[in-house]
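Chain A is the first sequence line, chain B the second, and so forth, proteins listed ahead of strands; every chain is numbered from 1.
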There are 2 protein chains.
Amino acid sequence: MVTLKELAKLLNVSVSTVSKALSDSSEIGENTKRRVTELANELNYKPNRIAQQLKSSKTKVVGVVVPSLMNPFFAEVVHGIETTLGNHNYDMTVCISNESLEKEQRSFDLLSTGSVDGFIVAVARETQTKHDIKHFESVSRTTPIVMFDRVLNDVACSKVVVDDFETVYQATKYLIQEESRKHLLLISNIEELSVGKQRIKGYTKAMEEATFKPSVLKLDDELSPDEVILKYLKENSNIDAIISIDHITGIMALNMVKKIDKDVPNDISIIGFDYVDSKFVSSPKISVVNQKGFKIGQTSAELLLDELNSKNRVKHKTIMVKSQLSLNGTTQKK
Amino acid sequence: MVTLKELAKLLNVSVSTVSKALSDSSEIGENTKRRVTELANELNYKPNRIAQQLKSSKTKVVGVVVPSLMNPFFAEVVHGIETTLGNHNYDMTVCISNESLEKEQRSFDLLSTGSVDGFIVAVARETQTKHDIKHFESVSRTTPIVMFDRVLNDVACSKVVVDDFETVYQATKYLIQEESRKHLLLISNIEELSVGKQRIKGYTKAMEEATFKPSVLKLDDELSPDEVILKYLKENSNIDAIISIDHITGIMALNMVKKIDKDVPNDISIIGFDYVDSKFVSSPKISVVNQKGFKIGQTSAELLLDELNSKNRVKHKTIMVKSQLSLNGTTQKK
DNA sequence: TGCAAGCTCTTTAAGTGTGACCATTGTCTT
DNA sequence: AAGACAATGGTCACACTTAAAGAGCTTGCA
């Protein structure tokens, strides 16, 4: 690894001359500049980023802490983050909390000691249920944090949220009003998360407005969720629409409906949540709420970059990224 | 951010005393040690990692460069990498090449200037087709690289590969010998990748050994791959088994077979490639080749850590992670 | 003509936080 | 009194940036 010092020695000039020449400073003569840049190119000199970081106390690195990468929604968000950061010459250090509070805390501890300029985080399930926010509070005093999707309202930081309530409310209303469905079932495996609660609320409100009785099938930690769904459908043969609030159970329900020889979408409509492969693995292609994970990642990164690059501390913002109802083959209308 | 210098000032001792006290050096008196550690805890002192990195010229960070995170296989591998690195107190900087050679080069350029101690990479599609390996060669002179899955044989570095050939060979043989299938179709959307080529070879060999004619349906960049599959199945009604060599077309084929009113697995057996959600989105649960992405990530990380922590340069290894045939509902036997 | 002032180019020095290494001080033992 | 030893301090290096100082030249004006 060639350094400024070595270049300086070879050229018989001082280190600072080399440094300035390479940054094209007006203080340095054209002649010297040329000599320096030529040798630098020849020896393939690249400034050592660690030294630059120490000097400037900026790393151009963002810490991204997510519960999982196997969940395609988070994978998509992280992709959006990476793309945006890359466009601004920032790197990202990814930590996976595995939904564990302790792992999340450890990541924040490790990275907050100069390793990153800021954080983008979706809080772990355990953090949300235990509501332990100390690690966020201490870090946010010195380092900007942006939360997305899984958000803690009482942490003072910028946030990017999805309009969970509204989206599911609209989806439910659509099924009631446009497709005249009357017996709508909601399937959930995430009702202990804030996003899950919001989605269930949206469904419940739409149902109550239509004076229908809401029914929610919870699937947490079921060994065979598909069989639970199948049993439920058999025992409640009047179900004529299903809303799933995660990316997987909608497709599962679609397969189970086929098993009891009902037709989708004629007998039963289904709306699920989007993920990258949902249009490939379901037949007919499932109608979904598209959460715009990439956009969420993009927005989070932009928000953080704004905070990092503005000298005067900006006020924390909360941005809502609108989901989109994308109707395909498991609903009747387009 | 409190520093050694500040602690020293507050305690009226020198910086080096504080430094030694905190590293529990025997040179420092118990009394002083106690005073120092107490104040350090009180002020929540954490050594600045950037400074440590500059001093030691080690970052304890690994650069991970993958073509995509939306591909569940890579997401799984990255998860394995993160877990293993975390256990050794290493962090990871993730870059997504998006299958682009140029983006991959940029990532290597940026990170190889002191930012990371080593790399784990699955090479981009474009890199593999254009066979441009300069960025690997120049970096590998100073920084260890481990390649996984998508591997370049002529780059001198450690590798973690999947036994693609053998796995598909065995899967094909299983269908021929144990289930007496005679008209086996292979569906592929990755045949330009080295892994795809190997898998097709495995299938072809097994078919030729049984004196059956191999037939490969290629789906690259198809607008409606499902319809192509459907059409093929209609026109070739003698097909009695399907092997898919990616994570998605197997499930797609399963859905299409259902459409032509054939029974899986009685009329047609299907074997696909595993991914995290495949058992949830298919009905019956698809029989798969399980690629052990987590294990691959783990192995790659361990290999790299070995190289980083051994003083004498170790010889490059190539480790094969065995896939596993996991038979579920789309084949006849267990 | 003399010399201060100004200009261009370059070097010196200080600083970022840490830690290895060596030096210094003081106390105690023999 | 000298050596042993414990405790602490000082210096330098890591690679880079940058403010300030300095060197060497030209210019302008009395």
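Under 4.0 angstrom from either OP1 or OP2 of D/dG9 there lies at least one side-chain N or O belonging to B/Thr17. Phosphate contact (OP1/OP2 of C/dT18, side-chain N/O of B/Tyr45, threshold under 4.0 Å): present.
Using cut-offs of 30° and 60° for the angle between ring planes, the B/Phe74 and B/Phe148 rings count as perpendicular.
Rounded to whole angstrom, the span from the NZ atom of A/Lys9 across to the P atom of C/dT10 amounts to 21 Å. Atom-to-atom, CG of A/Leu7 to C1' of D/dC16 comes out at 12 Å; the value is rounded to the nearest Å. Nucleotide C/dT18 holds its P atom 13 Å from the CZ atom of B/Arg49, rounded to whole Å. Regarding A/Lys33, its NZ atom lies at a distance of 12 Å from the C1' atom of C/dT8, rounded to whole Å. Following rounding to the nearest Å, A/Gln53 (CD) and D/dC14 (P) show an atom-to-atom distance of 19 Å. In this structure, the NZ atom of B/Lys46 is 17 Å from the P atom of C/dG17, given to the nearest Å. Between the P atom of D/dA13 and the CG atom of A/Asn48 lies a distance of 18 Å, rounded to the nearest Å. Spacing between atom CD1 of B/Ile28 and atom C1' of D/dG10 amounts to 13 Å, rounded to whole angstrom units.
Within a 6.0 Å radius of NZ in A/Lys159, other residues, nucleotides and ligands contribute more than 12 heavy atoms. Other residues, nucleotides and ligands place no more than 12 heavy atoms under 6.0 Å from the NZ atom of B/Lys295.
Distances were taken from every side-chain heavy atom of B/Lys20 (C-beta onward) to each of C/dT10, D/dC16, C/dC22; the shortest belongs to C/dC22. Of the candidate nucleotides D/dG9, D/dA15, C/dG19, C/dG19 has the atom nearest to the side chain of B/Ser19. Between C/dT18, C/dT11, C/dA20, one nucleotide has an atom nearer to the side chain of B/Gln52 than all others, and that is C/dT18.
Side-chain atoms of B/Glu302 and B/Thr84 form no donor-acceptor pair, as typed in the model, at a separation below 3.5 Å.
Not a single donor-acceptor contact under 3.5 angstrom links the side-chain atoms of A/Lys55 to the base of C/dT16. Remark: the A/Ser16 side chain and the C/dT12 base include a donor-acceptor N/O pair separated by less than 3.5 Å.
Backbone-only contact: A/Thr3 has heavy atoms under 4.0 Å from sugar-phosphate atoms and none from a base. Heavy atoms of B/Leu4 sit under 4.0 angstrom from primed sugar atoms or phosphate atoms, though from no base atom. Using a 4.0 Å heavy-atom cutoff across all strands shown, B/Glu27 reaches at least one base atom of the nucleic acid. Among the heavy atoms of the strands lying under 4.0 Å from B/Thr32 are primed sugar atoms or P, OP1, OP2 only; no base atom is included. Using a 4.0 Å heavy-atom distance criterion, B/Lys5 is classed as a sugar-phosphate-only contact.
Nucleotides of DNA chain D nearest to B/Asn12 and B/Leu54 differ in position, and the one nearer the 5' end is that of B/Asn12.
Here the side chains of B/Pro144 and B/Leu304 are in contact, with some heavy-atom distance below 4.5 Å.
A/Ser140 places a side-chain N or O within 3.5 Å of a backbone atom of A/Phe136 that can act as its donor or acceptor partner.
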